[in-house]
Every structure is written in structure tokens, then in C-alpha cells.
Novice: 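So that we are looking at the same thing, I have put the structure below in C-alpha cells.
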4 protein chains.
Amino acid sequence: MRADALRNRERIVDAARELFAELGAEVPLDEVARRAGVGNATLYRNFPDRGALVLGVVQRVTDRIAERAERALGDAGDPFEALCGFVSGAVEERIGALCPLITQTVDHEHPEWVASRDRLQVFVDAVLVRAQEAGAVRTDVAVGDLLMALSQLSRPLPGTGCGRFEPFMARHIQLFLDGLRAPAGSELPGSPVTLEALRQPE
Amino acid sequence: MRADALRNRERIVDAARELFAELGAEVPLDEVARRAGVGNATLYRNFPDRGALVLGVVQRVTDRIAERAERALGDAGDPFEALCGFVSGAVEERIGALCPLITQTVDHEHPEWVASRDRLQVFVDAVLVRAQEAGAVRTDVAVGDLLMALSQLSRPLPGTGCGRFEPFMARHIQLFLDGLRAPAGSELPGSPVTLEALRQPE
Amino acid sequence: MRADALRNRERIVDAARELFAELGAEVPLDEVARRAGVGNATLYRNFPDRGALVLGVVQRVTDRIAERAERALGDAGDPFEALCGFVSGAVEERIGALCPLITQTVDHEHPEWVASRDRLQVFVDAVLVRAQEAGAVRTDVAVGDLLMALSQLSRPLPGTGCGRFEPFMARHIQLFLDGLRAPAGSELPGSPVTLEALRQPE
Amino acid sequence: MRADALRNRERIVDAARELFAELGAEVPLDEVARRAGVGNATLYRNFPDRGALVLGVVQRVTDRIAERAERALGDAGDPFEALCGFVSGAVEERIGALCPLITQTVDHEHPEWVASRDRLQVFVDAVLVRAQEAGAVRTDVAVGDLLMALSQLSRPLPGTGCGRFEPFMARHIQLFLDGLRAPAGSELPGSPVTLEALRQPE
DNA sequence: GATGAATGAGAGTTCATTCAT
DNA sequence: TATGAATGAACTCTCATTCAT
């Protein structure tokens, strides 16, 4: 019976991830339950409120992106190529839907979230630093710059049938990656950004 | 009383612009009315439904950004500097809130919107082409690339007290502008994007 | 200027009469004003609230039907024919919309209304009695029986494009008139009904 | 819990039937819910919009009247008496509130409604024809003449505390029934009316 | 543990009526 | 005086959440 329950939980998170990406974070939770093929009360049993569900999705996505970064680290080829590969993977994992979920509802003190976030940061940082040490990426940027900009550039636009704008996004992400290349094209305002910035002090 | 009515209309559009930027396109219309200092029915007299109000805001913002572009055109200085100045101005005008409003609710056949959009395109195109002809910007990008990416990079994040993330955005926009610089840093997928893309055929 | 004001008042009552008959007594008063070709505030100047407007319409219709009855009285031909002619005329005057307006909103103490009602009763009673005295109509019915049933049978049905059902109504009114004929086809429950019944004590 | 849900549905239809008859088809749905003793959202779960609720009520009433006709058919006594008994029963079932609901909101293509309507027609037709064959009722009338006129004559008048006018209605219905008696008292305009007329072609 | 149903709070929209020109 | 505009109350419908089976 526990296997069944776990499978339900998985299906709920998956359904929520898709729907959040397609229709935004405001989708009716009954809709999520329907897509997951469970009753709504089952959803509430697993995630007492919308915040808990969002946290579940955010962690899931974050962890999968961290895995991608870890895999990119193991890639022995050109460091910049590895970085680009990671970027594509992150987009596939729907990183574009991530930032709004985090800023809108995640509790930044929540230890599980902090752990996921830090793990993500460690691996992406390694991928980035390796490219910087190879002289391929300017040194005045940090992991938060990469991930936040990437998230924004691939962020879904409401009303677009989920994917309609992706061809454009690929161009714009490429332009951004060109802007990351060493030597620095211009001086950047502010300081390099890390993921802790997401919970900025007010 | 016509003067009074017009002033009310202005106040409603202004309030909506702010609230759409701060809280997204789903803000309660009663909230917009309250912020504008009018009764809710006054809002509905001027804008029969949410779509009409969104259209009003979109046109207002589009027109103001087009004016900025026109002014940048008159700037006799360095063409790339003029482009950067325009970009800053567009961000100030809250271009970041624009794309979602357009894709979500604007009727792409609506003649007034088409007129505003085309006017914007003409002026921004001129600013961009001038920089390209001066050899400062790569030639495989078009006005839609600039505006859509800019819009996404400056798009407000829900739950952030409107501005909290602007320091980061400035960095990321700068990186994107660096990516725009000639010579081209890499080959871009797809073709240069114009604003007609916003209404892409299905 | 008074002539103008009076003409406005007339136009408002006419518009209201048509709309009440077509769409029921709940039509928006702004709609009445539009149909009358005046501003809504002009309507409110003439009729402080919906009740006053309804009273105006009810009186107008009542008076016109009373005139028809008066004319039928002057008709020297067959008394039953005269009665039938009056009935047709009353239907043309939209008697079918009358009863609901009266029961719903008219103040039964209002002296002007009482005067109109009594005048109607006097004339219709005369038409009816004449037919009864000629032996054409059963004697156990009174003016209220005739007018209330007639009103119900010709009462507009909402959603019907005003007139779609009139062919049927003509049949049913004819059947009712046949039922009125002497000698009495059956014993009727209760007592003959007069128009005072419209304000029945509770 | 299905039993409970069904009971709720029943209570909602009953409450709606009463309120439609008392106050017309425009009663606030919240009022219906209150009268039924359920929350408003329960009403909306069962009947997604007002049209669905009206359809539910119309079907319920139609079916009950059809049952009455069926029972009248089984009555071995005088055919005209049986017809009169059916008429009384139909009035008790609130046939008077039926026509407006049908013309105002029912979708005349809706298969369930068509089925109910046709079933009603079959039984009432049988009752009527039997009286005609016994020589008691004129032969130039059909089931639609009977039911539509009956509906209009017993149609509730707004503002009357539901019943105040029933004594009169009984008289007028009796007069109408007298008019139905053979031999025909006069020639009727048009042709006999069936229930299909309710959806008349435009 | 899982489910369908119930609920109340809230959002969009309409309308009778009042105000300001 | 006549008008267009403003207003708040009311109504329909949705949705997060809780309950009963």
C-alpha cells in the first residue's frame, strides 16, 4: 500500500509541474488532481495546501537540474560546451517555471528547500567555474546570474500553447550565453549573484 | 464633465499599469478601482471587461516605449549608446510586464493594437538598424529579439515587492546587450524575430 | 419648453410599454431611456423610481383600453360582436402585459390608479352587461373574469420574439369567449370577479 | 454518500420549483440554495448554470404531469370528467409556471427535454382524444391548445403571495373548459396546436 | 488511505439610483 | 432642465479547503 501511495505522490507532483508550466501557478488544485488521476482529497492528504505542493514541485525540479549539473561536471569535453549542454538540459527541465514559484510561495527558511537550493548551487557553480578557469566565461558573473537570467528567458508566457515561443527563447538564451563569454564585453553593475539572493533581506 | 471622465480613465489605466506590474494580470479589478480612487462600476463603464482594460494598458505602455525609441533616434551620439539608453527607458516604462499581457489577453486582430505595435516596431527597428549599420550590433537579430528578450529579462517576479530584483535584472540585461554586440559570438538558431511573431499562426 | 418635456414623458412611457411587453417588467431602466431617446436622468426626473414608471404605463394602457370599451359601447351592432371587437382591441393594447405590472408594483391605494381602474371597470362592465342582457353571455361572470382571463391568455411569454405565440393566443381567447356564451356550460366556482379583486385583502 | 447527494439534488429541484412558481424564473440562485438547505456551491455542482437548473425543474414538472395524464387514462369513468380531473391535477403540479421557463431558457434541441415533452404529449393526447371520441370535446383543438392555454390561465402573477389568485383561476379554467365542449361554439383561427409549437421555426 | 461531495469566501459583472455639469 | 458619469449593492459563478463515506 505504501508503494501505491508513493506512486500517487509522484503523479501529483508530475501533474503539478506540467500544469504550473503550462498554465501558471494559479491552476485550480482540482485540475491538478484530475490530471494526476486521483481524487482531490488525495492531493490534500499529500500536500496540505498549495504552498506544500509548490514546494514539492520546486524541490523536484531543483533536484533534477542539480543532477544535470552533476552530469555536466562529469563530462570530460570542452568546459564551455558542457556549460551549454547543462543550460539546454535545465530548459528541458522547465527551469523557466521555477523562479516565480520560488519567489511567490516558497518559505525561504524551509530546511529542505535550503538543502536543495544549496546542492544545486554547488554543482552549477562547479560547472561555471570550470568554464571560467578555462578562460571561456567572464569572471564577473556567478551562478545566480546564470540561473536567474536563464529562468527568466525561458519563463513560459501565459496563453501560449506551451512551447509556441520556444524557438525564440533558444535564440535569446544563445545571445545571453554569448554575452557571458570572456573577455567581458562591458562592466556589469552590482556584484556577482548567488542563489542566496533569492531570499534577499528586505 | 468630460474632462473629469477623461481624468478618471487616465487614473484607471495608470493604476492598472502599476498593479499589473506589481501583482500580475490577475489582480482583482476592484483593487484596480480602489487604487485609482473610483468605484468599480466606473471602471466597468470605461472598460467593459478585463480584456479591454488590458488593451488600454498595453497600448499605453507600447506608445510610451515607442516615444522613447523615437527620442533615441533623435539622439545624435553613439548609436550603441542610444540603443542602451532606449533599453533603460523601456525598462523604466515597465516593458517587463508587457509580453504576458499581450500573449494572455490581447486580441491580435484588434486594429488599434496592431497600429500601436507596428508603430513601436518602426521606431525600435530604426534604433537597432542604426546600431547595426554602425557595426556595433550583430546583424542576425531583429527588433523582436531585442524586445522579447528584454521583456522577459525585466519581467516582474511575483511576490517580490516590485523592485527587489531590479539590481539583478540590470546585470542580466547588460549581459544580453553584450551578446548582441558585433561580431556575432555564435550562430543563432532560427531567424530574426519581428513583433508579428507575437501573433504567430498556430 | 413644457411642450418638450411633455413629449419626453410620452416617449418614455411609450418606450416602457413596448419594452415591458417585449422583455418583461425587469428591463433595465437605462434601456428604456435609450429606446425613448433620452438620457437616463431625464427618465428619473419624470419617474422617480421604477414604481412610478410602471404606474405611468399601467395608467396609459388602462386608459386606452377604457377608451376602446367606450367606443364599443357606442357600436350599435350586435352586442356580442361588440364585446369580441373590444377584446381584440384590448389585446392590441397589450392588455397581456398589464396584470403582472399591477400585481407586482402598483400601489393599490394610489388615487390616480384607482380612478383609472374604476373608469375601465365602468365601461367594460357596460359592454359586458349589454351582451348579457341580449342573452348572448352567461350571467355568472363579471368584468374581472373577462379582463383577468384575457390578460393571462394574452400575456407575453419571455424569450419569444414578441408575437411568435400570438396565433395560438387568438385561438385560446376564442375558446374562452365560447365558454362565456349563454347558456352557462357548467357551474362556476366562487363568485363573479370585479377589478377590486386585484387588490384583494390578504 | 451517493444517497445523500441524490437527496440534495432532489431538494434543490423542489426548492427551485417552488421559488420559480412563487417569484419567477429570476430568483437568485443563492435563494434557491438557501431554501433547499444547501450551500450555493452544492447547487452549482449539480447544475452548472441556471439553464441546467431550469431544465431539471421543467423535466420534473413535465414528467409528473405526464404521470397524471397516464393515471387519467386508466380512469374508467366519463371521459370528460377524466379530462377535467387531469386539468386540476396539472394545475396542482404548477403547470402555470412551466411555459415561461420553457420559452425562456430551455434548449429545444436538448434530447432529454424532447423526450419528456413527447411523453407528455402522448398521454395528454390520449386523454383528449378519448373525450373527443366520446363527443364531449370539439375536434378542432389539440393537446397544445389545452396545455398552453391552461398554463397561461394558471400562470402565477408576481407579487401575489402564491395562491391569492387561485380562486379566480379556477373560474377561468372552467370557462375555458366550457369553451372546449362539443359542439364547437365558433370557428377557431389557425390550426390545432401541438407541443412542437413550443419550438416553432422562426 | 482514498474518494466525491459540501462549503463559504471572493471575483467579475450588472443595474437602480444619485451627482455634477 | 437634460445629460453622461459615478456609485454601491446584488447576483452569478469559481475555488481552496474540509467532511463524510
Side-chain angles (χ1 to χ4, degrees), chain A residues 1-2 4-6 8-9 12 26-34 36-53, chain B residues 1-9 12 26-33 36-53, chain C residues 1-2 4-5 8 12 26-34 36-53, chain D residues 1-9 12 26-33 36-53:
Chain A
M1 185 64 90
R2 173 170 307 155
D4 224 32
L6 256 186
N8 270 347
R9 198 183 160 91
I12 290 168
E26 340 289 343
V27 275
L29 293 192
D30 281 20
E31 186 66 28
V32 175
R34 197 173 320 125
V38 303
N40 62 354
T42 301
L43 187 155
Y44 278 94
R45 167 170 300 278
N46 284 278
F47 303 96
D49 57 17
R50 177 180 289 272
L53 178 57
Chain B
M1 181 164 268
R2 175 169 305 153
D4 227 31
L6 256 186
R7 166 163 286 124
N8 269 344
R9 201 183 159 91
I12 290 168
E26 339 288 343
V27 273
L29 294 191
D30 282 19
E31 186 66 29
V32 175
V38 303
N40 62 353
T42 299
L43 189 156
Y44 281 97
R45 163 178 287 276
N46 284 279
F47 302 96
D49 56 18
R50 178 180 289 271
L53 178 57
Chain C
M1 186 63 90
R2 173 169 307 156
D4 224 33
N8 270 346
I12 290 168
E26 340 288 345
V27 274
L29 294 191
D30 282 19
E31 186 67 27
V32 175
R34 196 173 321 124
V38 303
N40 62 354
T42 300
L43 188 155
Y44 278 94
R45 167 170 300 277
N46 283 278
F47 302 96
D49 58 17
R50 176 180 289 272
L53 177 58
Chain D
M1 181 164 268
R2 175 169 305 155
D4 227 31
L6 255 187
R7 166 163 286 125
N8 269 344
R9 200 184 158 91
I12 290 168
E26 338 289 345
V27 273
L29 294 191
D30 282 19
E31 184 67 27
V32 175
V38 303
N40 62 354
T42 300
L43 187 156
Y44 282 98
R45 163 179 288 276
N46 283 279
F47 303 96
D49 56 19
R50 178 181 290 271
L53 178 57

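The structure displayed is predicted, hence computed values, not measured ones. Lettering follows sequence order; numbering is per chain, from 1.
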Novice: Leu43(B) has an atom CG; how far is it from atom C1' of dG8(F), in whole Å?
Specialist: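 Nearest whole value for this atom pair: 14 Å.
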Novice: Could you let me know what dA2(E) is paired to, Watson-Crick or G-U wobble, both distances under 3.5 Å, or none if it's on its own?
Specialist: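 dA2(E) is paired with dT21(F).
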Novice: Is any side-chain N or O of Thr42(B) closer than 4.0 Å to OP1 or OP2 of dT7(F)?
Specialist: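 Indeed, a polar side-chain atom of Thr42(B) lies that close.
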Novice: Contact class for Val27(A) (heavy atom, under 4.0 Å): base, sugar-phosphate, or nothing?
Specialist: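 Result for Val27(A) = sugar-phosphate.
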Novice: Specify the separation, in whole Å, of atom CG of Asp4(A) and atom C1' of dT3(E).
Specialist: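 So the CG-C1' distance, Asp4(A) to dT3(E), works out to 14 Å.
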Novice: Rounded to the nearest 0.5 Å, what separation is found between the OG1 atom of Thr42(D) and the CZ atom of Arg9(D)?
Specialist: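 With rounding to 0.5 Å, OG1 (Thr42(D)) is 12.5 Å from CZ (Arg9(D)).
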Novice: To the closest 0.5 Å, what do you measure between CD (Glu26(D)) and CZ (Arg50(D))?
Specialist: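 So the CD of Glu26(D) and the CZ of Arg50(D) are separated by 6.5 Å.
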Novice: Without decimals, in angstroms, what is the distance between Arg34(C) CZ and dG4(F) P?
Specialist: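 Result: 11 Å.
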Novice: Which heavy atom of Val32(B) sits nearest a heavy atom of Ile12(B), and at what distance?
Specialist: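 It is CG1-O, 4.1 Å.
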Novice: Please report, rounded to the nearest Å, how far the P atom of dT17(E) is from the CG atom of Asn46(C).
Specialist: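 Rounding to the nearest Å, CG of Asn46(C) and P of dT17(E) are 15 Å apart.
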Novice: Just compare dT3(F), dT17(E), dC13(F) and give me whichever is closest to any side-chain atom of Asp49(C).
Specialist: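 Between dT3(F), dT17(E), dC13(F), the one nearest the side chain of Asp49(C) would be dT17(E).
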Novice: Starting at atom CZ of Arg50(C), determine the distance to atom C1' of dT14(E), rounded to an integer number of angstrom.
Specialist: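 Distance, rounded to whole Å: 13 Å.
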Novice: 5'-most contact on DNA chain F: Gly37(B) or Leu29(D), nearest heavy atom basis?
Specialist: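 Nearest-nucleotide comparison on DNA chain F picks Gly37(B).
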Novice: Report the residue (Val38(D) or Pro48(C)) whose heavy-atom-nearest nucleotide on DNA chain E is the more 5′ of the two.
Specialist: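 Its nearest nucleotide being more 5', the pick is Val38(D).
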Novice: Can you tell me how far CG of Leu29(B) sits from CG of Leu43(B), rounded to the nearest 0.5 angstrom?
Specialist: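 Between Leu43(B) CG and Leu29(B) CG, I get 6.0 Å after rounding to 0.5 Å.
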Novice: What's the closest nucleotide to the Asp30(D) side chain, out of dA6(F), dA6(E), dC13(F)?
Specialist: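 For the Asp30(D) side chain, the nearest candidate turns out to be dC13(F).
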Novice: How would you label the contact of Asn8(B) with the nucleic acid (heavy atoms, under 4.0 Å): base, sugar-phosphate, or nothing?
Specialist: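 Answer is sugar-phosphate: Asn8(B) comes under 4.0 Å of backbone atoms only.
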Novice: With the side chain of Pro28(D) defined as its heavy atoms from C-beta on, choose the nearest nucleotide among dT12(F), dA6(F), dA9(F).
Specialist: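 The nucleotide sitting nearest to the side chain is dT12(F).
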Novice: For the pair made of CG in Asn40(B) and C1' in dA5(F), what is the distance, rounded to whole Å?
Specialist: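 Answer to the nearest Å: 14 Å.
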Novice: Between Ala33(C) and Asn40(C), what is the shortest heavy-atom contact and its length?
Specialist: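 Looking at all heavy atoms of both residues, the closest pair is CB-CA, 3.7 Å.
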Novice: Whole angstrom is fine here: how far is it from CG in Leu6(B) over to P in dA20(E)?
Specialist: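 My rounded result for the distance is 19 Å.
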Novice: Who is the Watson-Crick or G-U wobble partner of dG8(E), with both distances under 3.5 Å?
Specialist: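 WC or wobble partner is dC15(F).
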Novice: Give the rounded distance in Å between these two atoms: CZ of Arg45(B) and P of dT3(F).
Specialist: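 Interatomic distance, CZ of Arg45(B) to P of dT3(F): 14 Å.
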